[in-house]
Enquirer: 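Here it is: the structure, laid out below.
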There are 2 protein chains.
Amino acid sequence: MTTIYDIAKAVGVTQTTVANALAGRHNVSEATRQRILQCAREMGYRPNVLARGLARRKTFSLGFLLPTIANPFYPEIAEEVERVAQQHDYQMLLCNTHYDPALGQQHLERLVSRWVDGLLIMGSSLDITCILPHFQQGLPVVLCDWQENEKPPAVLPQVSTDFRLAGALAARHLLELGHRSIAVIVEEPRHALRLAGFRDTLHEAGLLLELIQQGYSTVESGYAAAKELLARPDRPTAIFTTSDWMALGAMNAIREAGLSIPHDISLLGLDNIQLSAHLHPPLTTIALPKHALARTATELLLRQIEGKQEQSDPILLPPALLVRASTACPSR
Amino acid sequence: MTTIYDIAKAVGVTQTTVANALAGRHNVSEATRQRILQCAREMGYRPNVLARGLARRKTFSLGFLLPTIANPFYPEIAEEVERVAQQHDYQMLLCNTHYDPALGQQHLERLVSRWVDGLLIMGSSLDITCILPHFQQGLPVVLCDWQENEKPPAVLPQVSTDFRLAGALAARHLLELGHRSIAVIVEEPRHALRLAGFRDTLHEAGLLLELIQQGYSTVESGYAAAKELLARPDRPTAIFTTSDWMALGAMNAIREAGLSIPHDISLLGLDNIQLSAHLHPPLTTIALPKHALARTATELLLRQIEGKQEQSDPILLPPALLVRASTACPSR
DNA sequence: TTGAAAGCGCTAACAG
DNA sequence: CTGTTAGCGCTTTCAA
């Protein structure tokens with residue numbers, strides 16, 4: 001473990017000079033600079049980020065907290081967050097809270113003890129009351145895609161998907177295809193905004209949304225909910241599920257009932273997980289702007305860290321309709 | 001930012017005493033200990049992990065390097081690695097190398113500069129030649145699920161799946177069902193061992209593996225490869241794909257050809273990604289022991305870190321056949 | 001252009 | 001039981 005002191009000794013100068021040379025400052029003569037750089041290379045010098053962090057009060061590390069990376073929604077986001085961080089010379093500590101407030105708080109405390117430069121927190125994985133004090137003491141924080149039934153205080157920087165618009169896009173698509181008998185499978189209350197956007201759009205078209213089934217963002221719950229819907233005498237001509245994962249379950253239920261998609265019934269998802277493009281039929285869905293979300297949130301955090309960002313209004317990114325083959329005009 | 005010095009001043013003792021009290025050592029009188037703890041709480045004291053790390057040469061952090069977390073194979077593993085780490089009071093720095101050696105090396109350098117206590121490296125995401133010097137200088141390292149066509153030097157601790165066995169299990173299953181005309185879609189050379197195990201088992205049964213299609217672990221490549229196989233006059237009665245993801249593509253190709261699974265053709269995957277259970281029909285597959293892999297590798301790393309583990313032979317974890325509905329006896 | 005010195009917050013001998 | 005002291009490796013004034 002070579003230190004700048006070792007180099008200084010070897011070259012015959014002081015630590016300060018070595019530090020200056022290594023930092024590329026212009027107050028070192030070209031001759032000594034070369035000798036120092038040379039020597040550093042030979043001795044395999046590697047700056048100590050801990051010591052630097054302690055002295056400069058900056059660690060070039062970010063805390064990234066989420067419910068669980070095993071949820072297929074997050075990996076793509078995590079990848080992008082890490083990419084942006086890396087491009088700015090930061091590294092990322094990944095923390096799964098597993099929706100456990102105690103665990104979340106423990107992680108938070110540790111990150112703060114580590115002097116991470118900022119925190120990116122997704123999906124309501126932490127209590128706001130735990131976050132707020134740290135933010136108020138100057139720790140940069142960005143909240144991303146918070147649970148739809150919670151609204152964090154406006155002081156906290158936020159980046160989110162416009163879930164209400166997502167629901168509206170879904171409804172609009174089905175209406176334009178001519179559907180009038182429409183059902184929804186939704187995870188309430190976590191998907192409250194998607195539902196609200198969907199329902200309101202139907203209302204505007206003079207339709208009442210009556211067929212609502214509760215789901216839990218699992219394939220199985222999508223399957224069970226669809227079963228219920230298909231058993232009704234007034235079977236709907238279209239089903240909107242508030243997540244692609246539930247749509248997969250619904251798809252299986254529909255097939256089992258001997259019905260065909262989209263001929264007998266249209267199916268519309270929301271998320272655009274990788275899989276949806278490869279289902280049979282390929283799933284029409286409302287695509288969430290995952291990459292933009294990750295990038296925007298991370299860049300906002302970095303700007304805060306670098307003091308270039310004082311306040312910011314919550315940022316809302318638009319989803320987009322992605323038409324594939326699981327929706328069509330109703331046949332009856 | 002309260003420090004132990006602040007507390008010491010407030011209570012009227014020295015840093016040492018505060019440190020001892022906080023560390024729960026028994027060389028502090030109950031009275032002063034209480035006053036110290038009380039005061040620490042009131043002042044919102046939070047230990048500084050950087051300073052501690054610098055002094056003790058230990059950071060309670062782990063570097064976790066992988067090709068990309070967006071590959072659906074990794075999130076479950078990352079979750080488990082992080083869980084184990086967390087249970088031992090470690091946090092995890094996640095680094096995607098994107099199969100870019102330069103990027104991988106940059107990450108590695110930074111992690112080393114950060115004095116991480118150990119490195120868990122998956123899927124050949126780094127050049128062995130970059131890793132080795134650090135390991136030899138005492139940095140704990142564990143390699144996990146290395147690329148099958150590379151064999152890292154035995155000195156490096158390794159945990160891997162027994163991919164040869166995985167291939168053998170696949171072959172055995174199809175043979176037992178009575179298949180004699182068997183094809184494989186494989187990503188060579190990265191899945192070399194899976195293929196070898198498969199081929200050898202067929203050989204032992206007196207069969208020559210002749211139908212081999214190259215795939216690239218994407219749905220599309222599985223689709224294209226299956227198309228080729230189905231167009232042959234000697235169409236096989238069973239197809240083994242060396243990843244579930246390719247099986248999904250094959251499934252679509254088979255459906256398009258108007259054939260039914262498993263009646264006309266059996267399909268066998270390998271991985272057991274979440275999705276496979278929900279396909280139509282549910283995919284029979286060779287399940288990889290992801291959790292065991294993550295847990296074993298992390299625990300091995302932690303034991304190295306704590307100096308409880310000198311050397312270890314490469315550990316090989318067994319996969320298991322998971323019979324669902326995509327395989328059956330050949331009908332002709 | 002170079003150096004001396006103090007400090008970041010905590011640990012760890014060792015002495016009293 | 002408590003205190004003194006000397007680091008850990010680097011940054012950052014301020015002098016020379």
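Quick note: numbers below take in every heavy atom, side chains included, and nothing from hydrogens, waters or symmetry partners. The sequence lines fix the lettering, A, B, ..., with proteins before strands; numbering per chain opens at 1.
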Enquirer: Are the side chains of C144(A) and I121(A) in contact, using a 4.5 Å heavy-atom criterion?
Expert: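 The answer is no, as the side chains (C-beta and beyond) never meet within the 4.5 Å cut-off.
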Enquirer: In the structure I gave you, are the side-chain heavy atoms of T32(A) and V11(A) within less than 4.5 Å of one another anywhere?
Expert: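 Side-chain contact under 4.5 Å: no.
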Enquirer: OP1, OP2 of dT11(D) versus side-chain N and O of R52(A): anything below 4.0 Å?
Expert: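 For dT11(D), OP1 or OP2 has a side-chain N or O of R52(A) closer than 4.0 Å.
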Enquirer: Around atom NZ of K151(A), are there more than 12 heavy atoms of other residues, nucleotides or ligands at under 6.0 Å?
Expert: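 It does not: K151(A) NZ has 12 such atoms or fewer within range.
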Enquirer: How many whole angstroms separate atom CD1 of I4(A) from atom C1' of dT12(D)?
Expert: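 Interatomic distance, CD1 of I4(A) to C1' of dT12(D): 11 Å.
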Enquirer: Polar-atom pairs under 3.5 Å, protein N or O versus N or O of nucleotides 14-16 of chain D: list them with distances, or write none.
Expert:
none

Enquirer: Could you list where the contact with chain A starts and ends along DNA chain C, reading 5' to 3', using a 4.0 Å heavy-atom cut-off?
Expert: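 The protein-touched segment is dT1(C) to dG9(C).
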Enquirer: Going by heavy atoms closer than 4.0 Å, what residues in residues 25-37 of chain B are next to DNA chain D?
Expert: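 Those residues whose heavy atoms fall under 4.0 Å from DNA chain D, taken from residues 25-37 of chain B in numerical order, are H26(B), N27(B), V28(B), S29(B), T32(B).
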Enquirer: To the nearest 0.5 Å, what is the distance between CG on L302(A) and NZ on K308(A)?
Expert: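 It comes to 9.5 Å.
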Enquirer: Assess, by modelled atom type and distance only, whether the side chains of E79(B) and H291(B) contain a donor and an acceptor separated by less than 3.5 Å.
Expert: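 No donor-acceptor contact under 3.5 Å links the two side chains.
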Enquirer: List, one per line, each side-chain donor-acceptor pair under 3.5 Å for residues 130-142 of chain A, sequence neighbours excluded.
Expert:
unit_1	atom_1	unit_2	atom_2	d
H134(A)	ND1	C130(A)	O	3.3
H134(A)	NE2	R46(B)	NH2	3.3

Enquirer: Atom CZ of R56(A) and atom C1' of dT13(D): how far apart are they, to the nearest Å?
Expert: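 Going from CZ in R56(A) over to C1' in dT13(D) covers 15 Å.
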Enquirer: Can you measure Y45(A) atom OH to dG9(D) atom C1' for me and round it to whole angstrom units?
Expert: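 About 8 Å, once rounded to whole Å.
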Enquirer: Does dG9(D) have its OP1 or OP2 closer than 4.0 Å to a side-chain nitrogen or oxygen of R46(A)?
Expert: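 No, outside the criterion.
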Enquirer: Mind running a 4.0 Å heavy-atom check of residues 15-24 of chain A against DNA chain D and sending the residues that fall below it, in number order?
Expert: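 Under 4.0 Å from DNA chain D: Q15(A), T16(A).
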Enquirer: Quickly work out the R114(B) CZ to dC10(D) C1' distance and round it to whole Å.
Expert: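 Between C1' of dC10(D) and CZ of R114(B): 15 Å.
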Enquirer: Tell me the bend of the helix from dT1(C)-dA16(D) to dG16(C)-dC1(D) as the angle between end helix axes, each from five pairs, rounded to the nearest 10 degrees.
Expert: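 Angle reported: 40°, given to the nearest ten degrees.
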Enquirer: Quick one: label T3(B) by what it contacts on the DNA or RNA (base, sugar-phosphate, nothing), any heavy atom closer than 4.0 Å.
Expert: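 Result for T3(B) = sugar-phosphate.
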Enquirer: Whole-Å distance between dG9(D) C1' and L50(B) CG?
Expert: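 Atom-to-atom, L50(B) to dG9(D), this comes out as 12 Å.
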Enquirer: Please step through side-chain contact (heavy atoms from CB on, under 4.5 Å) for the pair F163(B) and D145(B), ending with a clear verdict.
Expert: CA-CA 9 Å; F163(B) 284 113; D145(B) 257 6; 3.5 Å; yes
Enquirer: Do the side-chain N and O atoms of R110(B) and Q91(A) include a donor-acceptor pair separated by under 3.5 angstrom?
Expert: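 Result is no, nothing qualifies.
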Enquirer: Starting from C1' on dT11(D), measure out to CZ on F60(A) and report it in whole angstrom.
Expert: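 Between C1' of dT11(D) and CZ of F60(A): 13 Å.
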Enquirer: Can you measure R57(B) atom CZ to dG9(D) atom C1' for me and round it to whole angstrom units?
Expert: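 About 9 Å, once rounded to whole Å.
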Enquirer: Atom NZ of K58(A) to atom C1' of dG9(D): distance rounded to whole Å?
Expert: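 My rounded result for the distance is 19 Å.
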Enquirer: Considering residues, nucleotides and ligands other than Q87(B), do more than 12 of their heavy atoms fall under 6.0 Å from its CD?
Expert: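 Yes.
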Enquirer: Just wondering, more than 12 heavy atoms not from Y99(B) lying within 6.0 Å of its OH?
Expert: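 Result for OH/Y99(B): enclosed.
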Enquirer: Would a 4.5 Å heavy-atom cut-off, applied to side chains only, mark L143(B) and I128(B) as touching?
Expert: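 L143(B) vs I128(B): side chains touch.
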Enquirer: Do we see a donor-acceptor contact under 3.5 Å between the side chains of N48(B) and T3(B)?
Expert: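 Checked: N48(B)/T3(B) side chains show no N/O donor-acceptor pair below 3.5 Å.
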Enquirer: Could R303(A) and E306(A) be called an ion pair, given the rule that one side-chain N must be under 4.0 Å from one carboxylate O?
Expert: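 Salt bridge: no.
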Enquirer: Do T298(A) and F64(A) have side-chain heavy atoms sitting under 4.5 Å apart?
Expert: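 No - every pair of side-chain heavy atoms lies 4.5 Å or more apart.
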Enquirer: Between H98(B) and Q86(A), do the side chains contain a donor N or O and an acceptor N or O under 3.5 Å apart?
Expert: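 Note: Q86(A) and H98(B) side chains miss the donor-acceptor criterion.
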Enquirer: Going by the side chain to side chain contact (heavy atoms under 4.5 Å, CB included) test, name the single residue among L119(B), L66(B), L108(B) that passes it with L126(B).
Expert: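 By the side chain to side chain contact (heavy atoms under 4.5 Å, CB included) criterion, L126(B) pairs with just one of L119(B), L66(B), L108(B): L108(B).
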